[in-house]
Protein chains: 2
Amino acid sequence: MELTEAKHKFIEAWGKLGSEWGINRTMAQIHALLLISPNALTTEEIMETLSISRGNANMTLRDLIGWGLIEKQHRAGERKEYFYADKDTWNIARQVAKERRKRELDPVLKVLEEISKVEGDPKDPEFATFYKSVTDINKLAKNVDKTLDTMLKAEESWFWGSIFKIFK
Amino acid sequence: MELTEAKHKFIEAWGKLGSEWGINRTMAQIHALLLISPNALTTEEIMETLSISRGNANMTLRDLIGWGLIEKQHRAGERKEYFYADKDTWNIARQVAKERRKRELDPVLKVLEEISKVEGDPKDPEFATFYKSVTDINKLAKNVDKTLDTMLKAEESWFWGSIFKIFK
DNA sequence: TTAAACTTTCAGTTATTATTGAAAGTTTAA
DNA sequence: TTAAACTTTCAATAATAACTGAAAGTTTAA
């Protein structure tokens with residue numbers, strides 16, 4: 001396997017994985033590109049490498065900054081903006097977990113909490129089944145939420161160390 | 001909050017969450033509907049409740065069976081097929097984790113493994129950065145994989161018990 | 001100021017994904 | 001067999017999401 005080919009495959013695979021998990025392909029690909037790039041890149045270079053338009057590149061870079069995955073870099077005497085990615089995988093994982101929790105898990109928890117308050121006759125199977133499913137899911141969601149919380153605060157080694165104690 | 005409204009909100013929220021995580025809205029909604037339904041439902045009833053076409057209902061129900069989330073039920077003396085969902089949230093979580101691992105994580109692990117074999121000059125920053133990022137991600141992915149493995153084998157109480165030991 | 005160098009915006013277009021609906025297929029009972 | 005009751009398929013269509021490109025906006029240096 002040759003470096004250029006390997007880079008391609010990595011960007012492809014990352015883009016595909018992203019799109020399967022609700023993150024748009026271009027965002028995942030730009031992120032992948034910056035991850036394996038030793039130096040910060042300009043919008044121009046990114047557009048060129050991934051064959052995407054200026055508009056797309058610009059908007060996606062801004063999204064990535066919003067996700068806390070990349071940052072702008074300014075160079076003395078240059079007008080251009082350079083972009084680079086945090087390369088620490090643990091930070092990346094945490095950042096993604098943090099954002100998705102905020103954007104997606106939190107709202108659902110709120111709805112679950114709200115609809116858990118539904119009132120009805122416990123003898124009515126319609127009510128009983130609804131209530132049980134919703135409260136069960138609510139419990140699971142809270143567990144996930146707490147675990148994410150630990151993860152967000154944790155050092156990588158400590159977190160995985162703890163996880164691996166599970167295996168004993 | 002009244003039961004009918006609460007049901008609506010649950011189906012809506014579940015559908016939205018699904019679509020944000022790469023699971024199509026209808027699939028999540030049918031699953032939600034069956035989850036809160038005390039008895040098995042026919043295609044007809046599902047079509048009607050969610051206002052979807054027969055084709056869509058049929059295909060999505062088949063997908064859900066493929067995900068191991070629902071099952072068919074036959075009733076003596078009846079031609080119609082009834083569908084019902086496993087209501088155990090822990091089973092649901094495991095089933096989803098299992099399928100997504102198989103469909104999405106496994107292929108990526110394979111690619112990462114493959115491109116980790118890339119050869120090059122460790123002094124070349126292009127190579128060095130690529131190699132480090134890819135091997136780091138590979139390690140993280142393997143950790144996730146192992147944790148999923150534990151989860152798949154675990155009893156709910158045991159798994160969360162272990163997780164919560166993390167908090168001490 | 002001006003203009004070059006750069007970034008941002010967004011209406012219009014394209015690509016992707018999901019859905020419909022009607023026809024074809026299957027099963028069962030008489 | 002036939003036909004009613006039901007399920008499956010899939011080409012056509014609709015809905016949604018992503019992307020383009022050009023124009024407008026901004027910043028900087030002379």
Side-chain angles (χ1 to χ4, degrees), chain A residues 11-12 14-34 40-67 69-84 100 103-104, chain B residues 11-12 14-34 40-67 69-84 100 103-104:
Chain A
I11 291 169
E12 275 306 308
W14 218 233
K16 182 148 177 279
L17 185 67
S19 70
E20 286 165 340
W21 285 81
I23 284 152
N24 104 32
R25 239 176 59 100
T26 301
M27 192 176 339
Q29 288 189 338
I30 293 185
H31 186 230
L33 173 60
L34 291 176
L41 303 177
T42 62
T43 302
E44 213 73 37
E45 292 168 313
I46 292 165
M47 286 165 57
E48 172 130 341
T49 311
L50 301 178
S51 308
I52 60 176
S53 72
R54 186 174 302 284
N56 191 7
N58 182 271
M59 288 195 300
T60 305
L61 284 166
R62 230 131 303 280
D63 279 355
L64 279 167
I65 291 171
W67 277 72
L69 294 173
I70 68 171
E71 286 180 40
K72 272 188 199 175
Q73 196 178 73
H74 289 284
R75 293 191 186 171
E78 281 203 61
R79 297 282 298 280
K80 273 198 280 285
E81 293 177 332
Y82 288 77
F83 299 91
Y84 70 98
R100 298 207 81 158
R103 293 167 197 223
E104 294 140 22
Chain B
I11 291 169
E12 273 309 306
W14 218 234
K16 183 148 177 279
L17 186 65
S19 70
E20 286 164 341
W21 286 80
I23 284 150
N24 105 31
R25 237 176 62 100
T26 302
M27 194 178 338
Q29 289 190 337
I30 292 184
H31 186 229
L33 174 60
L34 290 176
L41 302 178
T42 62
T43 302
E44 212 74 34
E45 291 169 312
I46 293 166
M47 286 165 57
E48 173 130 340
T49 311
L50 301 178
S51 309
I52 60 175
S53 72
R54 186 174 302 286
N56 192 8
N58 183 272
M59 288 196 299
T60 306
L61 284 165
R62 232 130 301 281
D63 279 356
L64 279 167
I65 291 171
W67 278 73
L69 294 173
I70 68 171
E71 286 179 38
K72 272 188 198 172
Q73 195 178 75
H74 289 284
R75 293 189 185 173
E78 280 203 62
R79 297 280 300 280
K80 273 199 279 285
E81 293 178 332
Y82 288 77
F83 299 91
Y84 71 98
R100 299 207 81 159
R103 293 169 196 221
E104 294 141 20

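As a basis for the values below, the full set of heavy atoms in this structure was taken, side chains included, without hydrogen atoms, waters or symmetry mates.
- Closest of all the heavy-atom pairs between A:Thr42 and A:Lys80 is CG2-CD, 3.5 Å.
- With respect to A:Glu20 and A:Lys16, a salt bridge is recorded, a charged nitrogen being found less than 4.0 Å from a carboxylate O.
- For A:Ile23 and C:dT16, the CD1 to P distance is 19 Å, given to the nearest whole Å.
- Atom CG in B:Leu69 sits 6.0 Å away from atom CG in B:Leu64 (nearest 0.5 Å).
- Whole-Å rounding puts the A:Ile52 CD1 to D:dG21 C1' distance at 13 Å.
- Regarding A:Arg75, its CZ atom lies at a distance of 19 Å from the C1' atom of D:dT27, rounded to whole Å.
- Between B:Asp63 atom CG and C:dT19 atom P the separation is 11 Å, expressed in whole Å.
- Looking at heavy-atom distances under 4.0 Å, A:Asn56 makes contact with a base.
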Take B:His31 and B:Trp67, measure what side chain to side chain contact (heavy atoms under 4.5 Å, CB included) needs, and give me the verdict at the end. CA-CA 11 Å; B:His31 186 229; B:Trp67 278 73; over 6 Å; no

Produce the list of close N/O pairs, under 3.5 Å, pairing protein atoms with atoms of nucleotides 3-8 of chain D; give distances to one decimal.
{"residue": "D:dA5", "atom": "N3", "partner": "B:Arg79", "partner atom": "NH2", "Å": "2.8"}
{"residue": "D:dT7", "atom": "OP1", "partner": "B:Glu81", "partner atom": "N", "Å": "3.1"}
{"residue": "D:dT8", "atom": "OP1", "partner": "B:Arg62", "partner atom": "NH1", "Å": "3.1"}
{"residue": "D:dT8", "atom": "OP2", "partner": "B:Asn58", "partner atom": "ND2", "Å": "2.4"}
{"residue": "D:dT8", "atom": "OP2", "partner": "B:Arg62", "partner atom": "NE", "Å": "3.2"}
{"residue": "D:dT8", "atom": "OP2", "partner": "B:Arg62", "partner atom": "NH1", "Å": "3.3"}
{"residue": "D:dT8", "atom": "OP2", "partner": "B:Arg62", "partner atom": "NH2", "Å": "2.5"}

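- Against DNA chain D, the stretch residues 26-33 of chain B makes no heavy-atom approach under 4.0 Å.
- Distance from the side chain of B:Ser53 is smallest for C:dT19 among the nucleotides C:dT19, C:dT9, D:dA18.
- The shortest heavy-atom contact between B:Ser19 and B:Arg25 is CB-CG, 4.1 Å.
- Across every non-hydrogen atom of B:Gly18 and B:Ala28, the tightest pair is CA-CB, 4.2 Å.
- To the nearest angstrom, P of C:dT20 lies 13 Å from CG of B:Leu61.
- A heavy-atom distance below 4.5 Å is found between the side chains of B:Ile46 and B:Leu34.
- Protein atom CG of B:Leu50 is 15 Å distant from nucleotide atom C1' of C:dA18, rounded to whole Å.
- Axis angle across the helix from C:dT1-D:dA30 to C:dA30-D:dT1, with five pairs used at each end and values rounded to 10°: 10°.
- Closest of all the heavy-atom pairs between B:Thr26 and B:Asn24 is N-OD1, 2.8 Å.
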Going through the checks in order, is the side chain to side chain contact (heavy atoms under 4.5 Å, CB included) test met by B:Phe83 and B:Lys72? CA-CA 5 Å; B:Phe83 299 91; B:Lys72 272 188 198 172; 3.6 Å; yes

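- Across every non-hydrogen atom of B:Ala57 and B:Thr43, the tightest pair is CB-CG2, 3.9 Å.
- Summary of the strand contacts: A:Met59 and B:Gly77 both lie near DNA chain C, and taking for each the nucleotide with the nearest heavy atom, the more 5' one is attributed to A:Met59.
- Between A:Thr49 and A:Glu45 the shortest heavy-atom distance is OG1-O, 2.7 Å.
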